[in-house]
Structures are given as structure tokens and as C-alpha cells.
J.: 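Just dropping this structure here.
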Amino acid sequence: MTDETPRQSDFIRESIAVDQESGIYGKRVHTRFPPEPNGYLHLGHAKSICLNFGIARDFGGRCNLRFDDTNPEKEEQEYVDSIIDSVRWLGFDFGPAPLYASDYFDFMYKAAEYLITAGHAYVDSQSADEMRENRGTLTSPGKNSPFRERSAEENLRLFREMRDGRHPDGSMVLRAKIDMASGNINLRDPAIYRIKHADHHRTGSTWCIYPMYTYAHPVEDAIEQITHSICTLEFEDQRPFYDWLLERLAEGGLFKRPLPRQIEFARLNLSHTILSKRKLIQLVQDGHVSGWDDPRMPTISGIRRRGYTPEAIKNFCERIGVAKRDSTVGLGLLEYCIREDLNRRAPRVMSVLRPLKVVITNYPEAEDEELDAINNPEDPSAGTRKVPFCRELYIEQEDFREDPPKQFFRLAPGREVRLRYAYFITCEKVIKDEKTGEVRELLCSYDPKTRGGDAPDGRKVKATLHWVSARHSQRAEVRLYDTLFTETNPGDRTGDFRDDINPKSLEVIKDCRIEPGLSAAAPSSRFQFERMGYFCVDADSTPEKPVFNRVVILKDTWAKVEKAQKK
RNA sequence: UGGGGCGUCGACAAACGGCAAGUCAGGAGAUUUUGGAUCUCCCAUGUGGAGGUUCGAAUCCUCCCGCCCCAGCCA
């Protein structure tokens with residue numbers, strides 16, 4: 001849909017274009033999206049997905065979905081399933097099945113044995129504490145492990161014992177043998193295999209040693225003959241090891257050149273939210289949200305349930321660009337993208353969120369009629385529909401003010417406004433609750449000559465209100481969402497993002513009135529409630545008890561004016 | 001005080017020695033049966049700072065300042 005809109009290039013695509021020019025990869029481009037199945041995908045992943053699959057598309061290459069499942073303690077099948085679902089929902093094709101790092105465990109093991117044989121790796125029997133101690137600091141070099149000079153034979157024997165389950169967790173580890181004095185701490189003999197007597201979600205109890213990301217990732221890339229391995233900035237320090245490892249393995253004939261190349265870009269930060277699996281899992285576990293797919297969550301499944309479309313998300317990812325600078329994108333851009341999409345495609349409908357009863361005193365009690373309404377002014381092919389009108393109606397509470405401020409154009413005592421697609425009405429009398437003084441209902445008169453919304457005498461009104469027939473409309477629950485956090489960068493104030501959780505991020509209104517027939521809409525269908533915003537039928541919704549999520553409000557000029565007035 | 005990155009508009013982000021793109025936000029107007037949408041116009045004499053090279057510098061050089069990442073048997 002928006003896929004053909006021309007996108008501007010970025011430094012990664014430019015770099016790939018240079019490789020295309022030089023022919024180093026034989027004009028081949030092969031990327032990968034490598035999530036660890038330890039949580040649900042979020043908008044930050046969407047950026048990466050769009051980048052990786054987008055590059056493959058732009059260069060006529062391919063992109064693998066590969067699970068980086070090298071840590072059985074944190075990974076679960078549920079996450080695998082949700083990730084596959086999210087990638088597919090976004091509309092990307094990774095073939096019939098995803099790939100798994102765990103499928104390469106045999107190869108990785110053999111490659112590790114090669115490294116040992118070639119003198120590039122050794123089994124260290126230091127404890128984790130000792131290793132940390134000897135790693136040195138940022139400003140001082142580390143110390144060689146006392147086990148660093150074990151013979152290849154001994155290393156091989158020990159490593160096989162590790163594999164065979166002869167040693168407990170933490171007792172030893174396989175390390176790359178590089179340089180304990182390197183300024184880059186990642187090169188101070190990084191651990192590449194550790195013992196974990198834990199069942200893996202795919203390989204079960206086959207293994208009790210598992211490769212570290214540092215080691216596994218370059219190997220996975222090389223096995224799949226990835227050309228460009230795109231990752232986020234924090235792995236930049238890791239690149240020298242990435243290259244070192246692959247060079248060693250290529251020397252040993254385990255891989256053929258050209259070797260994949262790692263390129264790093266800045267991860268997405270979004271204002272008023274968090275994009276960190278670690279923190280998102282906390283929100284879920286601590287019950288601050290209903291689950292990973294809570295419509296307030298920045299997860300793909302969350303914003304999907306909220307009512308965002310794949311097109312809007314992909315468009316957002318195009319607009320934010322790709323660079324190496326740390327930045328925080330304003331949430332407003334995301335909202336702009338979904339409004340833009342839904343404006344084009346969402347059918348309009350009239351629903352009243354906070355009903356205020358209006359009685360048309362000069363309209364016959366027993367009568368009703370049907371009026372023509374346009375389904376989508378942006379799309380004539382969407383056609384029209386009939387909307388029932390009668391003596392008793394509901395309008396939005398906020399569309400009436402007993403004492404209207406300047407520039408408030410809507411209904412007020414003695415004032416005439418238009419009911420969309422219906423009639424001009426004038427407010428004649430305000431009925432209030434005797435005790436509370438609260439406005440209970442409005443007595444209005446209508447002008448029969450204005451049927452459809454135009455006055456034959458050419459007189460104008462300054463406002464058009466949405467409305468629904470009291471008799472014909474249906475009840476619905478509507479869930480209004482605000483940002484999950486009150487601050488631009490949650491946690492900046494106190495150091496704990498939970499201190500900035502927005503207590504008002506969810507408001508449930510149970511007695512809304514929706515246009516007749518709307519209750520039958522299928523879950524995930526989206527509508528514009530005229531003047532109120534875009535809404536999506538929630539997964540919980542049933543025809544008997546319809547539930548709508550507010551995706552996003554419409555741009556609200558009046559709110560802006562009113563806010564300025566208060567200042 | 002080690003190593004690796006990054007500083008261009010309120011927010012993103014181009015510009016690759018030759019007139020500081022574009023988008024969002026904001027402002028003004030037109031139009032409108034959604035205070036929506038749409039359309040038009042405005043919005044960085046200046047690119048973290050100071051020097052230097054050059055006919056010409058966001059771009060090259062030097063120094064300085066600021067921010068981010070790295071001391072998991074996480075990824």
C-alpha cells in the first residue's frame with residue numbers, strides 16, 4: 001500500500017551500495033533479523049525489521065528471520081510464536097519457516113574444537129569472580145588466567161567433559177585467546193561457551209553447554225552467508241571480535257570468504273514509553289498492564305490490539321530514518337502515521353462517548369426517519385448509509401456549555417447548531433438535577449426545513465455535532481488510552497522508570513452509545529467515530545457486549561484554543 | 001584516566017569542498033455539514049565551541065566541550 005512510496009536512503013544502504021559496486025559479495029545482499037525469543041517484539045524491533053527486510057527488498061536480496069536462542073534459561077516457545085506472528089502481521093516474508101541458532105549447535109561445537117586445536121581458545125577454570133577480578137578495569141589491563149596456557153589436548157579433553165556433563169554450571173568456561181590487555185574489554189579473552197544444565201526449548205537436554213551471543217552470532221551469520229549483519233550501536237565494540245572470530249574460522253577452512261560484515265545503527269527511542277524488553281517484562285509481571293498485548297504497550301501485539309495498522313508502523317519506520325545518533329522520536333510522529341492511514345481507510349460512524357440526552361420538543365414522539373450519511377469522505381467508493389433519527393437523541397456532553405467561553409462554537413442555551421446529516425437544532429431549555437445542579441438533558445427545537453443539514457435560507461451555523469438516536473443506538477464499552485508514562489524519558493527524574501507510570505493511562509467508559517449495527521463489527525475492525533478519534537473493536541468484544549479501543553484522537557484544534565485560553 | 005561511537009531547527013533527519021533537503025510539531029491564511037481532512041505560505045544568515053586550510057567549510061585539519069556504549073559464564 002505505502003510500500004511504493006520512495007524512501008530516502010541511509011548510511012547503511014549507501015554502504016551496501018558501495019559493496020554492490022565493488023562486487024565483494026558478488027552483488028548478493030542477504031540480511032537477517034535475529035531476535036532472542038525472551039520477550040515480545042516492540043517498536044524498536046519494528047525499526048530493525050523494516051530496515052533488514054527493507055534492505056533485502058530494495059537490493060533484490062533476502063532476509064532471514066533467525067531466532068538467537070542460545071540461552072535456554074530465558075527463552076520460551078511462547079515468545080517464538082509471538083515473534084513469528086508479529087513479523088508476519090507486519091507483512092514480511094521469511095519463507096515457510098524461521099531459522100534457529102540452535103540448529104547450528106553442532107557446527108558451533110565443532111568450530112569451537114577447531115579454535116582449541118588451533119590455539120585460539122582455552123578452557124578457563126577460574127570462577128566468575130576470579131575472571132571478573134582478572135579482567136582489569138576500563139583504565140587498567142587485565143591479567144592472564146593461570147589456565148591460559150593449557151595444552152590443546154587438555155583444553156580439548158576439558159571442553160569435551162564440559163559437553164558431556166562432567167562439570168557443574170560455572171565451574172569452567174571456554175574462552176577465546178586474544179589479548180587481556182586490550183583497550184577493548186570485549187577482546188580480553190571473551191567467554192564463548194558456558195555450562196548450563198538447562199533444557200532448551202528446542203534441543204531439550206541434548207546440550208549442557210551453550211554458546212555465548214558473542215561467539216554464536218558471527219557464526220550464525222557466516223553459516224547463513226549473510227552479507228550485511230545489521231545491529232544496534234551497543235555491539236559496535238563487539239565488531240573487532242566478530243571479525244577476529246570469522247577470520248580465524250576462515251583460516252581453518254570452516255568458512256569461505258567473503259565474510260559477513262557487521263554494521264551498527266542507533267536503536268529507536270520513543271518519547272513517553274520504554275523500548276526495553278527487560279523493562280517491558282516488568283510491566284507485565286508487576287501487573288501494570290494486562291499483558292504483552294495490552295493496548296498501551298509499545299509491543300507489536302499491543303499496538304496491533306490498540307488498532308494500529310502494519311502500514312502505519314512501516315511508514316513510521318520509514319519516516320524516522322536510520323542513523324548513528326542517539327535520539328528520541330516524539331510519540332506524535334507515530335500518532336500522525338496512524339491518523340494518516342486511518343483517515344484514508346476507516347469508515348466514519350457516529351458514536352457518543354459521554355451521552356447527554358436531547359429531546360427535540362417539536363418532533364413527533366412516535367415518529368422516526370432515516371438520514372443519509374457518508375461512509376468516508378476521503379473515499380467515495382465507500383458509499384453511504386442510513387442513520388436513524390427520532391425525538392430523543394444523545395449528543396456528547398462536551399458539546400454543550402451552559403456558559404460558553406469565547407470561541408466555543410458548539411451548543412449553548414439559545415444557540416443553533418447542526419446535527420450532522422440531520423437538522424439544525426436550537427437549545428431552548430436546560431434541565432438540571434435539582435440536587436447536584438448537573439445538566440440532565442436539553443430541550444431543543446429543530447427546523448424541519450434544514451433536513452440533511454442545509455438551511456434553504458442560507459443561514460449558517462458554526463458547529464456540527466455528532467449524535468445518535470436514543471432509541472436505536474446500542475451500548476458499548478470504550479477504552480480510552482493515554483501514554484503509559486507521564487515523562488518524555490521515563491526514569492530520567494528518579495532513575496526508576498516505574499516512578500513515571502501514568503496512573504491515568506486507561507479510562508474505561510461503560511455506557512457509550514454507538515451507531516446502530518456497529519455492535520456487530522468484527523474484532524480489530526477500525527472506525528472513525530466522527531469528531532472523537534479512531535477506534536478499533538477489541539479482542540474482548542462481542543456483539544452482545546461490544547468493546548472499542550481508542551486508537552488515537554483526531555487532531556483537536558479546539559482543545560488547543562481552550563488550553564491557550566486557560567493560560 | 002582505557003577503548004568505541006555521536007553532536008545540523010522544538011523532535012527526527014538530509015547535505016559526502018560549491019545557495020543548510022524533507023517529515024512531524026508550531027504559526028498564518030484558504031476551504032469545509034468532522035474545530036477532521038485538504039491546499040497555500042511562514043518557521044536554522046547557520047551545523048556543540050575556538051582556531052586553521054581554502055576563492056569557498058556542516059563537510060578537511062588542530063585543540064576543546066558535551067552526550068552515549070563497554071569491566072555478564074545476558075543478548
Side-chain angles (χ1 to χ4, degrees), chain A residues 8-11 14 34-36 38 68 70-71 73-74 124 126-128 131-133 135-142 169-175 181-188 190-196 209-210 212-214 216-217 231-240 264 266 271 277-278 318-337 339-340 343-344 348 350 373-374 377-378 407-410 418-422 424 452-454 460-466 488 528-533 553-562:
Chain A
Q8 65 180 28
S9 192
D10 54 68
F11 79 98
E14 281 177 16
E36 182 188 14
N38 66 344
D68 218 339
T70 58
N71 186 352
E73 287 169 348
K74 293 187 175 175
D124 196 346
Q126 292 184 105
S127 68
M131 267 182 66
R132 191 182 323 113
E133 196 72 15
R135 188 152 25 233
T137 69
L138 294 179
T139 51
S140 63
D169 288 10
S171 58
M172 45 184 71
V173 73
L174 185 68
R175 287 231 256 175
S182 174
N184 182 348
I185 291 177
N186 298 293
L187 260 25
R188 321 243 260 229
I192 61 180
Y193 256 100
R194 77 288 219 189
I195 302 171
K196 267 186 200 294
I209 57 170
Y210 293 91
M212 303 277 295
Y213 163 89
T214 310
H217 206 84
C231 63
T232 44
L233 251 28
E234 67 270 28
F235 296 107
E236 202 148 21
D237 289 340
Q238 210 81 241
R239 192 169 68 223
E264 310 84 10
S271 77
K277 274 197 266 187
R278 202 200 92 237
E318 293 294 339
R319 284 171 194 265
I320 58 177
V322 180
K324 294 191 73 164
R325 182 187 338 171
D326 288 318
S327 60
T328 300
V329 176
L331 197 61
L333 186 59
L334 215 213
E335 295 182 337
Y336 171 83
C337 289
R339 275 193 203 106
E340 177 187 56
N343 175 51
R344 262 199 319 259
R348 315 285 126 126
M350 290 195 287
I374 295 165
E378 306 295 320
Q407 293 189 74
F408 182 88
F409 304 146
R410 281 110 97 147
R418 170 169 41 231
L419 293 181
R420 184 131 157 110
Y421 301 126
F424 285 12
D454 280 308
K460 302 287 182 197
V461 286
K462 293 189 87 171
T464 299
L465 311 186
H466 63 281
T488 305
Q528 184 194 103
F529 288 1
E530 292 217 31
R531 304 207 303 134
M532 301 311 283
I553 59 169
L554 258 26
K555 194 172 145 193
D556 190 348
T557 307
W558 162 243
K560 216 177 290 177
V561 171
E562 194 179 32

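Throughout, protein chains are lettered first and strands after them, A, B, ... in sequence-line order, and every chain is numbered starting at 1. Both backbone and side-chain heavy atoms feed into the values below; hydrogens, waters and symmetry mates do not.
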J.: For A:Glu562, which residues count as a salt bridge (charged side-chain N to carboxylate O under 4.0 Å, His left out) partner, sequence neighbours excluded?
T.: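 Listed in chain order: A:Arg401.
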J.: Heavy atoms only: give me the nearest A:Leu138-A:Ile185 pair and the separation to one decimal.
T.: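 For A:Leu138 and A:Ile185, the tightest heavy-atom pair comes out as CD2-CD1, 3.3 Å.
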J.: Just to be sure I understand the rule, does A:Asp454 reach a base, reach only the sugar-phosphate, or reach nothing, if contact means heavy atoms closer than 4.0 Å?
T.: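 Base: the residue A:Asp454, judged by heavy atoms under 4.0 Å, touches a nucleobase.
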J.: Name all residues meeting the salt bridge (charged side-chain N to carboxylate O under 4.0 Å, His left out) criterion together with A:Arg325; count only those two or more places apart in sequence or in a different chain, and write none if there are none.
T.: none
J.: What residues, two or more places apart in sequence or in another chain, satisfy ring pair (Phe, Tyr, Trp, His ring centres under 6.0 Å) together with A:Phe424?
T.: none
J.: For A:His217 and for A:Glu234, locate the closest nucleotide of RNA chain B by heavy-atom distance; then report the residue assigned to the nucleotide nearer the 5' terminus.
T.: A:Glu234
J.: Taking Watson-Crick (N1-N3 plus N6-O4 or O6-N4) and G-U wobble (N1-O2, O6-N3), each under 3.5 Å, can you produce the dot-bracket string of RNA chain B? Use [ ] for crossing pairs and | for inter-strand ones.
T.: .((((((..(((.....[...))).(((((.......))))).....(((((..]....))))))))))).....
J.: Over all strands shown, is A:Glu73 touching base, sugar-phosphate only, or nothing at heavy-atom distances under 4.0 angstrom?
T.: nothing
J.: Counting only distance, no hydrogens or angles, is the base of B:rG3 paired donor-acceptor with the side chain of A:Asp237 under 3.5 Å?
T.: yes
J.: Looking at A:Lys74 and A:Glu36, is there a salt bridge between them, counting it only when a charged N and a carboxylate O are closer than 4.0 Å?
T.: no
J.: Distances under 3.5 Å only, N/O to N/O: pair up the protein atoms with those of nucleotides 10-12 of chain B.
T.:
residue: B:rA11; atom: O3'; partner: A:Thr328; partner atom: O; Å: 3.0
residue: B:rA11; atom: O2'; partner: A:Thr328; partner atom: O; Å: 3.1
residue: B:rA11; atom: O2'; partner: A:Gly330; partner atom: N; Å: 3.3
residue: B:rC12; atom: OP1; partner: A:Thr328; partner atom: N; Å: 2.7
residue: B:rC12; atom: OP1; partner: A:Thr328; partner atom: O; Å: 3.1
residue: B:rC12; atom: O5'; partner: A:Thr328; partner atom: O; Å: 3.2
residue: B:rC12; atom: O2'; partner: A:Ile320; partner atom: O; Å: 2.9

J.: Heavy atoms from C-beta onward define the side chain here; which of B:rG5, B:rA75, B:rC73 lies closest to that of A:Glu236?
T.: B:rG5
J.: Does B:rG72 count as syn, meaning its glycosidic angle lies within 90° of 0, or as anti?
T.: syn
J.: Could you encode protein contacts along nucleotides 35-42 of chain B as a string, one character per nucleotide from 5' to 3', using B for base contact, S for sugar-phosphate-only contact and - for no contact, with a heavy-atom cut-off of under 4.0 Å?
T.: BBS-----
